[in-house]
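Predicted, not measured: the structure shown is a model, and the values here were computed from it. Lettering follows sequence order; numbering is per chain, from 1.
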Protein chains: 2
Amino acid sequence: MAITISDVARKAEVSKSTVSKVLNNNPSISAATKEKINAVIKELNYTPNLKAVRFAKGVSKNIIFLSNMNANIAYSDPHMFDIMCGVYHELSSLNYSMNVEGLTGMAFPGERAINSIRSRSADGLIIHGSAATQEICNLLIKENIPHIIIGHPVFRDDLCWIDTDHRGAGIHAASHICTCGYKNPVFIAGRQGDTISDMRLDGFRQGMLNRGIHFKNTNIIYTDNGMDSTYEMLKKSLQNCKFDIAVCENSTIAFETVRALKKLKMSISDDISLLTFDSHPFSEIIEPRPTVIELNMLELGAQAGRMMIQKLTNPSVLIQSYTSIPMLLQGETTRSTII
Amino acid sequence: MAITISDVARKAEVSKSTVSKVLNNNPSISAATKEKINAVIKELNYTPNLKAVRFAKGVSKNIIFLSNMNANIAYSDPHMFDIMCGVYHELSSLNYSMNVEGLTGMAFPGERAINSIRSRSADGLIIHGSAATQEICNLLIKENIPHIIIGHPVFRDDLCWIDTDHRGAGIHAASHICTCGYKNPVFIAGRQGDTISDMRLDGFRQGMLNRGIHFKNTNIIYTDNGMDSTYEMLKKSLQNCKFDIAVCENSTIAFETVRALKKLKMSISDDISLLTFDSHPFSEIIEPRPTVIELNMLELGAQAGRMMIQKLTNPSVLIQSYTSIPMLLQGETTRSTII
DNA sequence: CTGAAAGCGCTTACAG
DNA sequence: CTGAAAGCGCTTACAG
């Protein structure tokens, strides 16, 4: 069998209590005793049994990351995994472990995750929006489960969540292009009514206003979320359009914008710049490499991790926040120097 | 405080032992007693404390999935997360939890994962190739840690691993196109010396041979892993090339092949078909949608999960296997009917 | 500064 | 079929 605290105590000729105190950095132990015990620990290559520690202390130090884990999700929603990485880094730096759960369960999707709280094998739940069903959300409140939902749930208003601030990203974009000296942007939006597109546009408008510029609706081109149709539409719209920079609401639009511009012999140049939101999925294959306003999903995950622990420390706080996490990835399609 | 087994025992007027036996489906308990206890369990809404159960039983029922979890990996290696999903599904169906760990540690990358074994908070390690450093691999053997590595490590030959069988996928591709009646394939390979490309090509050659066809080297076009250079090269090579189907070694090559064919006015048609390995990252934006030989990473992960449990059950087995998991995703660039 | 003892919430031989 | 008792490997008041 493995070495236990009793083996260490016996060999060091002290009590188990004393060994335990050394293990837990209890300041009451004398330097000499501490040294002696640490030597024995090293000699015996002793590692405390965490199952016993956690049981005795009544803590789990384990957080569930609950998300849709279905086939293909790695390709269709890589952002979710970027968030997961952020959660992982934050939790591990706080010495928590992260258990991944999908929507698995006998009685309802997500039951396994809920059960890990009920059985006290986890302290809290970080739930990706893709898994925040109404059923689960109701249980979170009913059973008073410490949780952070990534994405603003619409079901009810007493949940804890954080979400990206697309409006803030729009403001950031406007601010950046003004700083770079662009005067005449065109905003190529997604479908009208698309929540994210609308928020980015709204923020962009606000950002221009912050710089004293009234951004006119005639400088907005709406597209319809289809690649081919976007391309066709842009070929028409862009040729009669005067602008020094095209701000694309996402990378698919940017991809088609560049295609259309090439077709129109209006390739990216000193006079025609391009800025897009979101790297993924197309920005890496756009030629030339576009400048991107990217939402830092890793940081979003890290914030969720931090808030989870905050929630555990102070269960009564209601955490609800839009967090602005845009970062600029300088590419070849905008001036890099500020004028 | 939470309800414990003692509360249940008291209320049901039996001993803790008896309740425990009901909880563990011990057949010795009479139907009447069992029923009575289950009623109380439901009434009190009792859930056993898993920390106590695992401590008492001396098991963890927890597996670490160790991988590179750095920023951006979600976009650069989505396959890893697909594998992770497969591992998750398999482990959860076997009632294990899955702890995700990155290359975190004070003394060396991956120390946290190793420590979770040392501290008995996990039973075994499933290690993605991206995290299988020599240091970790040496520790696996030295400390006799139950493990499955996803990807064939080159360091030493006493490790347990599973890997994809790219040669098998090549055979599968050849077999499929023969079945569909193609007679004159051209194989567009990656760089000569690229391991995966070479294996797929080798398998393809073997698959043709299995059908009695000697596949000539003159029907191979090697590319160099650069997108633009591949495009330029293919524009030249393909125009003098007689073939009824182009077999592309990966989706980037397929993307450039289609571009080159379009440029040469040799678009995909009944006479010019295309089959590619790997959906990701380009197959979804290729027009028309290509037929793909896809390695089923989810299934790879599931197999790793199964083998991990097998290893736990029987610690002495040496698991080393190339597993063939190709699946055909029918697109618009090959005949679907078998002739 | 150190240790004896009780306790965390279960399981598991063992006896009856 | 059921229960008393010991045990899993720690922690933690408490006493000294």
Side-chain angles (χ1 to χ4, degrees), chain A residues 1-41 44-62 95 115-123, chain B residues 1-41 44-62 95 115-123:
Chain A
M1 268 315 287
I3 309 291
T4 72
I5 199 172
S6 300
D7 300 317
V8 176
R10 197 174 314 119
K11 185 126 191 172
E13 299 177 303
V14 295
S15 72
K16 289 193 298 173
S17 323
T18 305
V19 177
S20 175
K21 278 163 196 154
V22 170
L23 255 18
N24 290 284
N25 286 314
N26 186 315
S28 72
I29 305 296
S30 74
T33 310
K34 190 186 282 183
E35 202 174 324
K36 181 174 60 176
I37 292 175
N38 278 325
V40 173
I41 286 175
L44 296 182
N45 199 13
Y46 167 66
T47 310
N49 182 329
L50 254 192
K51 281 196 291 283
V53 173
R54 289 177 177 172
F55 168 57
K57 289 189 172 170
V59 301
S60 298
K61 288 284 209 168
N62 183 36
N95 223 17
N115 277 345
S116 63
I117 300 290
R118 291 175 176 159
S119 66
R120 279 137 287 173
S121 63
D123 303 309
Chain B
M1 268 315 289
I3 309 290
T4 70
I5 199 172
S6 300
D7 299 318
V8 175
R10 198 174 313 119
K11 184 127 193 169
E13 298 177 303
V14 295
S15 72
K16 290 192 298 173
S17 322
T18 306
V19 177
S20 175
K21 279 164 195 153
V22 170
L23 256 17
N24 290 284
N25 286 313
N26 186 316
S28 72
I29 305 296
S30 75
T33 310
K34 191 187 282 184
E35 203 173 324
K36 180 174 61 174
I37 291 174
N38 278 326
V40 173
I41 286 174
L44 296 181
N45 199 12
Y46 167 67
T47 310
N49 182 328
L50 254 191
K51 281 197 289 287
V53 173
R54 288 176 179 175
F55 168 57
K57 289 189 172 170
V59 301
S60 298
K61 288 283 209 168
N62 183 36
N95 222 19
N115 276 345
S116 64
I117 300 291
R118 290 176 178 157
S119 67
R120 280 136 287 173
S121 63
D123 302 309

In this structure, are over 12 heavy atoms from other groups packed under 6.0 Å from A:Lys61 atom NZ?
yes
Grab the CD1-P distance between B:Ile3 and C:dC10 for me, whole Å please.
10 Å
Would one find a side-chain N or O of B:Thr18 under 4.0 angstrom from OP1 or OP2 of D:dT2?
no
Heavy-atom side-chain proximity of A:Leu50 to B:Asn115 below 4.5 angstrom
no
For A:Lys51 and C:dT11, give me the distance from atom NZ to atom P, rounded to whole Å.
14 Å
Whole-Å gap separating C1' (C:dG3) and CG (A:Asn26)
13 Å
Tell me, do A:Val14 and A:Lys21 make a side-chain contact under 4.5 Å, heavy atoms counted?
no
Let's see if you can work this out: which of D:dT11, D:dG9, C:dT11 has an atom nearest to the side-chain heavy atoms of A:Thr4?
D:dG9
Determine: side-chain N/O of B:Ser30 to OP1/OP2 of D:dT2, distance under 4.0 Å, yes or no.
yes
Nearest to the B:Asn49 side chain among C:dT12, D:dA13, C:dC10, which nucleotide is it?
C:dC10
With respect to the phosphate group of C:dT11, does any side-chain polar atom (N or O) of B:Asn24 fall under 4.0 Å of OP1 or OP2?
yes
May I ask you to say what B:Lys16 touches in the nucleic acid, namely base, sugar-phosphate or nothing, with a heavy-atom cut-off under 4.0 Å?
base
Please confirm whether the shortest side-chain N or O distance from B:Ser15 to OP1 or OP2 of D:dG3 is below 4.0 Å.
yes
In terms of the nearest nucleotide of DNA chain C, which residue is placed more toward the 5' end: A:Ala56 or B:Ser20?
A:Ala56
If you go through the side-chain atoms of A:Lys57, does one of them form a donor-acceptor pair with the base of D:dG9 closer than 3.5 Å?
no
Between A:Lys36 (NZ) and C:dG3 (P), how many Å, whole number?
8 Å
Rounded to whole Å, CD1 of A:Ile41 lies from C1' of D:dC10 at a distance of 13 Å
Compare the minimum distances between each of C:dC8, D:dC14, C:dT11 and the side chain of A:Phe55, then state the nucleotide with the smallest one.
C:dC8
Phosphate oxygens OP1/OP2 of C:dA4: is one of them under 4.0 Å from a side-chain N or O of A:Ser17?
no
Counting just side-chain N and O atoms, does B:Tyr46 come under 4.0 Å of either OP1 or OP2 of C:dC10?
yes
Using Watson-Crick or G-U wobble geometry with both distances below 3.5 Å, tell me the partner of D:dA15, or none.
C:dT2
With a 4.5 Å limit on heavy-atom distance, are the side chains of A:Val8 and A:Leu44 in contact?
yes
Between D:dA4 atom P and B:Ile5 atom CD1, what is the distance in whole Å?
14 Å
A:Lys21 NZ to C:dA4 C1': how many Å, rounded?
10 Å
Side-chain contact, heavy-atom cut-off 4.5 Å: A:Val59 with B:Lys51?
no
By the 4.0 Å heavy-atom rule, please label B:Thr33 as base, sugar-phosphate, or nothing.
sugar-phosphate
Check: B:Thr18/B:Ser15 side-chain N/O donor and acceptor closer than 3.5 Å:
yes
Please state how far atom CZ in B:Arg54 lies from atom P in D:dG7, giving the value in whole angstrom units.
25 Å
